[in-house]
Amino acid sequence: MSSEAPVLKLYNTLSRAKEEFRPLDPANVRMYVCGPTVYDYAHIGNARPIIVFDVLFRLLRHLYGADHVTYVRNITDVDDKINARAAERGITIRELTEGTNKIFQDDVKALGCLEPSVQPRATEHIAEMIALIEKMIAAGHAYAADGHVLFDVPSMAEYGRLSRRPLDEMIAGARVDVAPYKRGDMDFVLWKPSKESEPGWESPWGRGRPGWHLECSAMSWKHLGEVFDIHGGGIDLVFPHHENEIAQTRCAFGHEAMANYWMHNGFLQVEGEKMSKSLGNFVTINELLHTENFGGRKWPGEVLRLAMLRTHYRQPIDFTVKALEEAEASLRKWSAQIGEVSAAPAAAGEVLNALADDLNTPLALASLHELDAAALDGALKLFGIDICAYRQWVEGETKQAVDAEQVSSLISTRLAARTAKNWAESDRIRDELAAMGVALKDNKDGTTTWEVKR
Ligand SMILES: [Zn+2]
């Protein structure tokens with residue numbers, strides 16, 4: 001870390017306090033974030049942790065060096081929702097998960113997110129999951145019953161430390177899933193038997209498949225070790241998912257922690273309402289980018305990203321057309337201000353300080369308004385906002401809106417006027433095209449090409 005680097009502070013859900021970040025190994029800062037279950041388009045709520053932790057990934061790379069941060073985001077490709085959807089659509093599970101993952105990767109790339117260092121797939125870590133279960137059984141924290149293996153919740157004194165839920169509430173929640181093979185109400189599934197028609201793997205407990213919580217413990221162990229620095233995800237994952245991940249990993253390895261810093265982003269609403277399919281306000285990243293279903297138009301990834309970062313990640317966010325329009329107005333202004341500057345990114349002190357203070361993106365964004373063009377360009381890169389990509393999007397959209405046939409017809413007429421040395425008519429047509437946002441270029445070979453001006 002350079003001497004002027006700010007001190008990074010992160011809010012830790014474990015302690016409910018902002019803490020100074022001290023990595024276990026500054027030469028390899030390790031972060032895990034729960035990724036998508038690939039059975040359907042990711043919605044805009046799913047985009048929030050992806051964007052938030054991408055900003056943190058960029059900040060960590062800035063502070064510790066790009067080669068000194070390992071970011072793991074998993075792909076859940078075994079899940080009962082996947083099985084059901086594949087059957088419904090009459091395609092194989094592999095076809096469904098491959099196709100959905102491809103769309104997800106394209107969507108998050110359009111949102112300006114860097115690829116994580118590793119994107120492990122659950123189905124490629126079954127051996128690690130079985131090994132983890134064996135460790136838990138050996139340590140007296142799990143038991144096999146009726147083809148299932150369950151985690152024995154009462155065997156872990158500190159169960160519930162992350163979510164701080166009252167015991168009776170956790171029991172009530174777990175009772176939804178009553179089963180004769182469970183010893184305790186809160187015990188959760190590590191492994192379950194698979195029917196012939198369901199995906200399954202051979203295990204010491206018969207052919208079966210893992211419980212959802214287990215995969216994150218297995219993949220974080222494989223790629224980050226028994227204890228690592230940061231674990232992130234949406235606030236809805238605190239209980240039971242993250243609580244159970246902690247229980248599994250800690251009880252398998254006997255450490256005091258799975259990750260030292262637990263970070264959670266707040267909920268997302270759409271136009272003031274909870275997003276749901278029944279309310280008809282369910283918005284996917286893909287349709288925001290490629291259709292006119294939200295606000296009657298397409299939105300570039302840079303606008304979606306900026307709109308998301310205008311709210312602090314721990315606060316609830318209201319995703320609205322108005323917020324997107326405001327974000328776009330800022331981008332347009334910055335785009336004009338930056339002009340042709342392509343200086344090496346200067347990391348502005350105020351911006352870095354705000355981001356280092358538990359990713360205070362609203363404060364960091366507010367300080368952008370005082371920066372000069374070069375500093376602004378550098379700061380936007382820290383946010384993962386690429387002004388060039390935004391300009392290209394605008395150009396592409398404008399070009400689509402221009403009637404190409406009309407343009408070429410006007411160019412032909414102008415060419416005829418020029419051949420007849422009717423310069424006044426030629427200029428008039430040039431002006432007419434300029435008014436449509438089209439700029440002409442007369443080439444040496446006598447041809448005329450055109451482009452849409454910004
Ligand atoms: Zn997870």
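Atoms within a ligand are numbered from 1 in the order they appear, just like the ligands themselves. Nothing fancy with the numbering, it's 1 onward along the sequence. Keep in mind that what you see is a predicted model, and the values were worked out from it rather than measured.
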Looking only at side chains, do Glu215 and Thr76 share a donor and an acceptor under 3.5 Å apart?
-> yes
Other residues, nucleotides, ligands: >12 heavy atoms within 6.0 Å of Tyr41 OH | no
What is the ring orientation for Tyr32 with His231, classed by angle as parallel under 30°, tilted 30 to 60°, or perpendicular over 60°?
-> tilted
Just the protein N/O/S atoms under 2.8 Å from the Zn ion (ligand 1), please, no waters.
-> Cys34 SG, Cys216 SG, His241 NE2, Glu245 OE2
Answer yes if the side chains of Thr284 and His43 hold a donor-acceptor pair under 3.5 Å, and no otherwise.
-> no
If the plane angle is over 60° it's perpendicular, under 30° parallel, otherwise tilted; pick one for Tyr181 and His148.
-> parallel
Answer yes if the side chains of His264 and His242 hold a donor-acceptor pair under 3.5 Å, and no otherwise.
-> yes
